[in-house]
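In what follows, every chain begins at residue 1, and chains take the letters A, B, ... in the order their sequences are listed.
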Amino acid sequence: MSTSPVQSADLMLILPELVLAGFAILIMVTDPFLRPSRRKWLGIVALVGTGAAAAATVLMAGQTGTAFGGMILGDAFSVYFRFLLLAIAALTLLSSLGYVEREGFPPGEFYALILFGTVGMGLMVASAELIVVFLGLEMSSISTYILAGYRRQDSLSNEASLKYFLLGSFATAFFLYGIAFVYGLTGTTNLTILADRLQTPLGATRLALVAMILMFVGLAFKVSCVPFQVWTPDVYEGAPTPVTAFLSAGPKAAAFAVFLRIALAVFEPTGETGFWILWISAALTMTFGNFAALVQTNIKRLLAYSSIAHAGYILVGFASGTPEGRAAVMFYLVAYSLMNLGAFAVVAHLAGKGDRWVRLEDFTGLSRERPALAACLAIFMLSLTGIPLTAGFFGKFYLFSAAVNSGLIGLTILGMLNSAVSVYYYLRVVVMMYMREGPRPAPTESIPWALGAALALSVLGTLYLGILPGWFLSKTVAAIPLP
Amino acid sequence: MDWIQDHLLTAILFTPVVGAVSIALMNREKHGRIRWLALLFSVLAFVLAAVAFSKFSPDQPGMQFVERTSWISSPHIDYFIGADGLSLLMVLLSTFLTPLAILASWESVEHQAKEFFLFLLLLEAGTLGVFLALDLFLFYVFWEAMLIPMYFLIGIWGHERRIYATVKFILFTMAGSVLMLVGIIYLYHVTGSFDWETILTRVSGPESVLSGTAQTWLFLAFFVAFAIKVPLFPFHTWLPDAHVEAPTAGSVILAGVLLKTGAYGLLRFCLPMFPEAAQAYGPTISVLAIVGILYGGLVSMVQPDLKKLVAYSSVSHLGFIVLGIFAFNVNGIQGAIYQMASHGVSTGALFILVGMLYERRHTRLIRDFGGLATPMPRLSAFFVLVALSSLGLPLLNGFVGEFLIILGAFKARTLFGVLAALGVVVAAVYLLWMIQRVLFGEVTHEENRRLRDCKPREVFILAVLTVAIVGMGVYPQPFLRRLDGTTRQILTRLDSARIYYVQGQDTPSLPVRIGKGVPRPIESCCSR
């Protein structure tokens, strides 16, 4: 690592994070000086922040190379994921504007923490260095630990936060331990140098395998793979719903991005063993997620298990181990984030004050009372199921087509059967909304504009990626991480 | 106009979509306008389909009215549609039944009428897409997409056990089709194309890129998806529930069109793409078809519920169709295709009639009726005619197809022909007995005396159906002539496979062992 002074070109490569952090600090600093009635505008400031960061990403998109002595990498891959993360943050903010007001949350920290979390995730996807990955991971984790417990008077929310914190720190420790092993083995934490050194017989040693497994455990926790998924339903249920939405998309996308990067460097050399770990974990994750979701009666827990199942599908793309598989993973993450954030946005609105109305029965008769809202949720459910003309279908199609091209026929059949199982529980939500007779038990409030915007964006995105995925897919393929 | 002439099939396919979109933009209170709009677009689609049918030249081999535009460049997926006699006949059937289904629900659907007609038109578009798509990916998109409107139609406007029925319907069909998707992806993997015609040239015969085992598995993956849709015994259990619980329009489209997509898939994909495997499994499937014919017929006989009786009669009739397809000769296949259209019309008519009775009496039980000919002479006359057409009376539509199928079955194997003919007898028993108990004899229930006979709208629906029933029975030639090309093509595929098959090995055994060009074996299904 060189010790040259920081250049402006270095700063350019982390410009989006600098902008976001700047806005987050601005929010925290102005918060105490504002009258409480004005504080709701801080959400708009945060939204502007994500917009500015997106503009910054466009600005730095042309810059390639490394910064800070090889710690930060500027490439199409990091730009792709930054856009995704910023979209996730923006959608979360849009669906929390009304929510924060309704729940009477202190707005300043809430919005600032979402931005800080996004900064951490942005660093994760842009890092060329395991230590920076860890830094980003911690930054995003700590923000989300606090966010999960934001409903301070609520025991479920406290439980969520504590569970997420304890298990999460445990998992990050695993990851750090893995880094330590890698460092001990190769004498570096730089991904490029590391990849070279692991190509030698060093990479085939048992120690390398241990390092790989430890790092896998750390990331598997973040993306909730079986058997590291136990926290997911409890945390998703207890956390305030927009936070759940954020948790289900943001950290997952960032962790998978890191996974995509280090898989090439650390996993490939371990060969067969690494492949079988992915294979088994994909098979278990999707099967467990889908079957556990079948019996859920709480929509947030249902979506939690569904997110586990989707992590399983994504792992199928990893198991295929080809550039096509990596592109499919990236595409699927976008599709998944859109439909999942959309579904949670609807749930957040309907749940009412204190997230009370989250049983499936509470959705009875929604199609008659709020046809537009019901139609949105139905589209997200169909997309999560993987019905054609939605993003979920194309995403799944690309994933499994990559798997077939790598000869993973067994895993593909398993995945497809899982997908057929999932029809039951996703459509149960539709059954409740459209087919059950009777009045809706829960009260309905009018839809705030921000939520409307969030829903419109995610519905349009879901349909756009489902009907005309060509352009976006070509962008995805162009952003595949280089080996 | 020029545009429509060049893109006739696209025009047919998207007319219902445009109709659905315009209904979506309507005010939900304006029931009358919504109904008329739905009727208008569905009739328009029928007119366009009739134009295509008359412009189709039977002597020209292959697909006509072909349109092809790139949809997605990588993986290479095209918006590729075209029609031969088989698809056009199915398109004609589908566009013929939809306006009638709309008319049949003219007054009975009151709550959420907007959504009802919207879903009905989307359903029509989905089935049309299935019949027209020549790109396997496009086909699968329509195949799955058409389930969703049906799911809502049964689930929202169905009868008491509608939720159970609709969930069962969608789970069964989904379970079948996901494996077909694996098959489609695998075919793309080995042939590098979703294009049906390209795949045909690469997957069969001595130059095949598929190993014998792969072909067997692929055949089964496609076959199960289609067999569930047909439905072939023993995959039929979703059908009685779905038919009985669906609203009238839903039952009409379900029996008339949706079941045909399964038979269509067998003819369009299973047989031509995997002829060797199809022939190896042919006898087994024929046996299942015969079991279905007899079982469906016998179960029909004992049904106390009219709608269930008609539903099980569909299991029996569809058994005939599958038997004809797997007879692998001209008579069998032509008869099967003709019967597909004919069954759509007759069973559609039966469901409409049962629906009319249900609207009046709110019961479907046979014992609640009796002697209806006295208060309702018009409806009874139509009922008798439709039942006769369904049981295959000469000069009515059911006869042509059934006769050809049985002829084909006899040629294939005498025993199959004998058993199938027995199925016709059973059909005569359950239909005539039903007619006798419902329409004739004394009026057993007082309230039945005051039942109103058909209104002009209902007479119109039934008259149109009668014209089709008699027309198809007396003069089948224009239809059959258009089916020549399709039949010949399928048989050529089967024959070339048969020659190869006989040369390769003299006694057929399972799984088939053919195909020497075997680049990618799938023996170990989980290795990289």
Worksheet item: Going by the angle between their ring planes, with limits at 30° and 60°, are B:W71 and A:F394 parallel, tilted or perpendicular?
Response: perpendicular
Item to complete: For the pair B:V178 and A:I413, evaluate side chain to side chain contact (heavy atoms under 4.5 Å, CB included) and give the outcome as yes or no after the intermediate values.
Response: CA-CA 8 Å; B:V178 291; A:I413 292 178; over 6 Å; no
Worksheet item: Between A:G386 and B:E144, what is the shortest heavy-atom contact and its length?
Response: O-OE1, 4.4 Å
Discussion item. Could you check whether atom CZ of B:R33 has more than 12 heavy atoms from other residues, nucleotides or ligands sitting under 6.0 Å from it?
Written reply: no
Worksheet, complete the sentence: Greatest number of non-hydrogen atom pairs under 4.5 angstrom with chain B, of A:L389, A:T412, A:V431, falls to A:V431
Worksheet, complete the sentence: Checking heavy-atom separations under 4.5 Å from chain A, one finds in residues 115-143 of chain B B:F137, B:Y140, B:V141
Practice prompt. Under 4.5 Å, counting heavy-atom pairs only, tell me which of A:S401, A:P469, A:A403 racks up the most with chain B.
Written response: A:S401
Worksheet item: Taking only residues two or more places apart in sequence or in another chain, which ones pass ring pair (Phe, Tyr, Trp, His ring centres under 6.0 Å) with A:Y336?
Response: A:H310
Fill in: Crowding at CZ, A:F291 (>12 non-hydrogen neighbours, <6.0 Å)
no
Under 3.5 Å donor-acceptor pairs involving side-chain atoms of residues 146-153 of chain B, not counting sequence neighbours:
{"unit_1": "B:Y151", "atom_1": "OH", "unit_2": "A:L427", "atom_2": "O", "d": "3.1"}

Worksheet item: Just wondering, are more than 12 heavy atoms of other shown residues or ligands nearer than 6.0 Å to OH in A:Y424?
Response: no
Worksheet entry | Separation between CZ of A:R436 and CD1 of B:I156, rounded to the nearest 0.5 Å | 14.0 Å
Item to complete: Provide the closest heavy-atom pair for A:F397 versus B:I185 in the form atom of the first, atom of the second, distance.
Response: CE1-CG1, 3.7 Å
Discussion item. Are the side chains of B:M174 and A:I387 in contact, using a 4.5 Å heavy-atom criterion?
Written reply: yes
Worksheet entry | Residue A:L414 versus chain B: region with a heavy atom under 4.5 Å | neither
Worksheet item: Who in residues 159-170 of chain B is close to chain A, using a strict under-4.5 Å heavy-atom cut-off?
Response: B:R162, B:I163, B:T166, B:V167, B:I170
Discussion item. Quick check on the interface: out of B:A175, B:P75, B:S73, who has the most heavy-atom pairs with chain A under 4.5 Å?
Written reply: B:P75
Discussion item. Need one label for A:Y398: side chain, backbone, both or neither, based on atoms under 4.5 Å from any heavy atom in chain B.
Written reply: side chain
